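In listed order, ligands and their atoms are each counted from 1. Residues take their numbers from the sequence shown, with the count starting at 1. These numbers come from a predicted model, not from an experiment.
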Amino acid sequence: MTDESIGQQVVTEQSQQTMKKYKIEHDRPNCIGCAACAAVAPDFWTMHEDGKSDIVGCKKRDDEWEELDIDEKDYAVNKEAADSCPVNVIHITNKETGEKII
Ligand code: F3S
(Lines give C-alpha, C1' and ligand atoms only; values in the text may rest on other atoms or scores of the structure.)
Protein backbone atom coordinates (compact mmCIF):
# COMPACT_ATOMS: atom_id res chain seq x y z
CA MET A 1 0.00 0.00 0.00
CA THR A 2 1.40 3.40 -0.92
CA ASP A 3 1.49 6.32 1.48
CA GLU A 4 -1.14 8.00 -0.64
CA SER A 5 -3.62 5.12 -0.46
CA ILE A 6 -3.14 4.83 3.31
CA GLY A 7 -3.97 8.52 3.55
CA GLN A 8 -7.14 8.02 1.53
CA GLN A 9 -8.21 5.15 3.72
CA VAL A 10 -7.87 7.33 6.83
CA VAL A 11 -9.94 10.09 5.24
CA THR A 12 -12.66 7.60 4.25
CA GLU A 13 -12.87 6.16 7.76
CA GLN A 14 -13.06 9.63 9.31
CA SER A 15 -15.83 10.77 7.01
CA GLN A 16 -17.84 7.61 7.73
CA GLN A 17 -17.65 8.39 11.44
CA THR A 18 -18.70 12.00 11.11
CA MET A 19 -21.23 11.65 8.27
CA LYS A 20 -24.19 10.25 10.11
CA LYS A 21 -27.21 10.65 7.93
CA TYR A 22 -29.84 11.91 10.38
CA LYS A 23 -30.03 14.28 13.33
CA ILE A 24 -32.58 13.75 16.08
CA GLU A 25 -33.56 16.71 18.23
CA HIS A 26 -35.55 16.86 21.44
CA ASP A 27 -37.41 20.03 22.37
CA ARG A 28 -36.91 19.14 26.02
CA PRO A 29 -38.51 22.29 27.51
CA ASN A 30 -41.81 21.23 25.94
CA CYS A 31 -41.55 17.53 26.79
CA ILE A 32 -44.45 16.50 29.05
CA GLY A 33 -42.84 13.22 30.14
CA CYS A 34 -45.23 10.92 28.35
CA ALA A 35 -42.46 8.27 28.15
CA ALA A 36 -43.64 6.78 24.86
CA CYS A 37 -40.22 7.50 23.33
CA ALA A 38 -38.39 5.51 26.03
CA ALA A 39 -40.86 2.63 25.64
CA VAL A 40 -40.48 2.50 21.87
CA ALA A 41 -36.72 3.17 21.60
CA PRO A 42 -35.05 2.45 24.96
CA ASP A 43 -31.58 2.33 23.39
CA PHE A 44 -31.91 6.00 22.50
CA TRP A 45 -34.43 7.47 24.96
CA THR A 46 -34.38 7.29 28.74
CA MET A 47 -36.52 8.87 31.43
CA HIS A 48 -34.85 11.37 33.76
CA GLU A 49 -35.77 11.87 37.42
CA ASP A 50 -37.27 15.27 36.58
CA GLY A 51 -39.96 13.42 34.65
CA LYS A 52 -38.78 14.32 31.17
CA SER A 53 -36.86 12.15 28.74
CA ASP A 54 -33.27 12.44 27.55
CA ILE A 55 -31.62 11.25 24.37
CA VAL A 56 -28.95 8.75 25.43
CA GLY A 57 -25.47 10.15 24.74
CA CYS A 58 -26.78 13.42 23.37
CA LYS A 59 -25.25 16.85 23.12
CA LYS A 60 -27.13 19.33 25.33
CA ARG A 61 -27.62 22.75 23.81
CA ASP A 62 -27.82 26.14 25.53
CA ASP A 63 -31.50 26.38 24.62
CA GLU A 64 -32.03 23.12 26.59
CA TRP A 65 -32.81 21.13 23.48
CA GLU A 66 -30.89 17.90 23.00
CA GLU A 67 -29.47 16.56 19.77
CA LEU A 68 -27.75 13.45 18.48
CA ASP A 69 -26.59 12.37 15.04
CA ILE A 70 -27.61 8.83 14.14
CA ASP A 71 -26.88 6.30 11.43
CA GLU A 72 -29.40 5.25 8.84
CA LYS A 73 -29.90 1.89 10.61
CA ASP A 74 -31.17 3.75 13.69
CA TYR A 75 -33.61 5.94 11.81
CA ALA A 76 -36.69 3.69 11.92
CA VAL A 77 -36.78 3.21 15.68
CA ASN A 78 -36.30 6.94 16.30
CA LYS A 79 -38.96 7.82 13.73
CA GLU A 80 -41.27 5.50 15.62
CA ALA A 81 -40.38 7.29 18.86
CA ALA A 82 -41.05 10.67 17.24
CA ASP A 83 -44.37 9.45 15.84
CA SER A 84 -45.37 8.15 19.27
CA CYS A 85 -44.78 11.47 21.06
CA PRO A 86 -48.16 13.11 21.68
CA VAL A 87 -46.78 16.65 21.80
CA ASN A 88 -44.38 16.35 18.82
CA VAL A 89 -41.24 17.46 20.60
CA ILE A 90 -39.02 14.93 18.80
CA HIS A 91 -37.70 16.08 15.44
CA ILE A 92 -35.60 14.33 12.80
CA THR A 93 -33.65 16.00 10.01
CA ASN A 94 -31.97 14.33 7.04
CA LYS A 95 -28.55 15.96 7.19
CA GLU A 96 -27.75 15.12 3.58
CA THR A 97 -30.79 16.83 2.09
CA GLY A 98 -31.74 19.22 4.91
CA GLU A 99 -35.25 17.76 4.87
CA LYS A 100 -37.11 18.10 8.17
CA ILE A 101 -38.87 14.74 8.34
CA ILE A 102 -40.84 15.35 11.52
FE1 F3S B 1 -41.39 13.66 26.18
FE2 F3S B 1 -42.66 12.95 24.01
FE3 F3S B 1 -40.95 11.28 25.11
S4 F3S B 1 -43.51 14.05 25.74
S5 F3S B 1 -41.07 11.75 27.30
S6 F3S B 1 -40.49 13.25 24.22
S7 F3S B 1 -42.86 10.73 24.09
Side-chain angles (χ1 to χ4, degrees):
M1 200 181 279
T2 65
D3 284 352
E4 195 181 344
S5 67
I6 291 170
Q8 280 171 351
Q9 191 183 8
V10 169
V11 169
T12 304
E13 284 173 6
Q14 280 176 347
S15 58
Q16 278 171 350
Q17 278 171 8
T18 54
M19 274 308 290
K20 301 209 173 191
K21 187 167 177 186
Y22 297 99
K23 177 167 74 175
I24 52 177
E25 292 177 287
H26 183 211
D27 174 3
R28 198 173 194 279
N30 285 309
C31 170
I32 61 168
C34 153
C37 54
V40 165
D43 288 347
F44 289 90
W45 295 87
T46 182
M47 297 310 294
H48 191 267
E49 60 188 16
D50 71 356
K52 300 187 181 212
S53 63
D54 286 320
I55 305 174
V56 176
C58 70
K59 177 181 144 202
K60 293 186 187 288
R61 299 192 332 213
D62 288 346
D63 60 5
E64 296 183 20
W65 282 47
E66 299 175 328
E67 63 181 50
L68 180 73
D69 290 345
I70 58 165
D71 289 318
E72 188 154 19
K73 68 176 171 52
D74 298 322
Y75 168 77
V77 71
N78 280 291
K79 174 67 164 53
E80 202 179 328
D83 285 337
S84 72
C85 176
V87 288
N88 298 320
V89 296
I90 300 174
H91 303 283
I92 305 179
T93 303
N94 181 325
K95 293 174 64 189
E96 288 174 6
T97 64
E99 179 195 1
K100 293 190 189 312
I101 296 158
I102 182 166

Check if R28 has a non-hydrogen atom at a distance under 4.0 Å from any atom of ligand 1.
no

Report the part of K52 (side chain from C-beta onward, or backbone N, CA, C, O) that has a heavy atom under 4.0 Å from ligand 1; answer both or neither where that applies.
neither

Can you report which non-hydrogen protein atom sits closest to atom 5 (S) of ligand 1, along with the distance?
A35 N, 3.3 Å

Presence of N, O or S from C31 under 2.8 Å of atom 1 (Fe) of ligand 1:
yes

To the nearest 0.1 Å, how far is atom 3 (Fe) of ligand 1 from its closest protein heavy atom, and which atom is that?
C37 SG, 2.3 Å

Side chain to side chain contact (heavy atoms under 4.5 Å, CB included) assessment of D83 paired with I102
CA-CA 8 Å; D83 285 337; I102 182 166; 3.2 Å; yes

Just which atoms of ligand 1 are under 4.0 Å from any heavy atom in V89?
2 (Fe), 6 (S)

Measuring from atom CG of L68 to atom CD1 of I24, what distance do you get when rounded to the nearest 0.5 angstrom?
5.0 Å

State the atoms of ligand 1, each with its element, that fall below the 4.0 Å cut-off from a heavy-atom position in C34.
4 (S), 5 (S)

Atom indices of ligand 1, in the order listed, that fall short of 4.0 Å to a heavy atom of V87
4 (S)

Here the atoms of ligand 1 under 4.0 Å from any heavy atom belonging to S53 are 1 (Fe), 3 (Fe), 5 (S), 6 (S)

Over 60° means perpendicular and under 30° means parallel, so classify the ring planes of H26 and W45, tilted if in between.
perpendicular

Working to the nearest 0.5 angstrom, can you tell me the gap between D74 CG and D69 CG?
11.5 Å

Mind checking the CD1-NZ spacing from I70 to K21? Nearest 0.5 Å is all I need.
11.0 Å

Hey, which atoms in ligand 1 end up nearer than 4.0 Å to a heavy atom of H26?
6 (S)

Between the CD1 atom in I90 and the SG atom in C31, the distance rounded to the nearest 0.5 Å is 7.5 Å

One finds that the ligand 1 atoms under 4.0 Å from a non-hydrogen atom of A36 are 7 (S)

Report yes if some heavy atom in the side chain of K20 is under 4.5 Å from a heavy atom in the side chain of D71; otherwise report no.
yes

CE-NZ distance between M47 and K52, expressed to the nearest 0.5 angstrom
10.0 Å

Could you see which bit of I32 sits under 4.0 Å from ligand 1, with heavy atoms only: side chain, backbone, both or neither?
both

Under 2.8 Å: N/O/S of C85 next to atom 2 (Fe) of ligand 1
yes

H91 side chain near K100 side chain, heavy-atom distance below 4.5 Å:
no

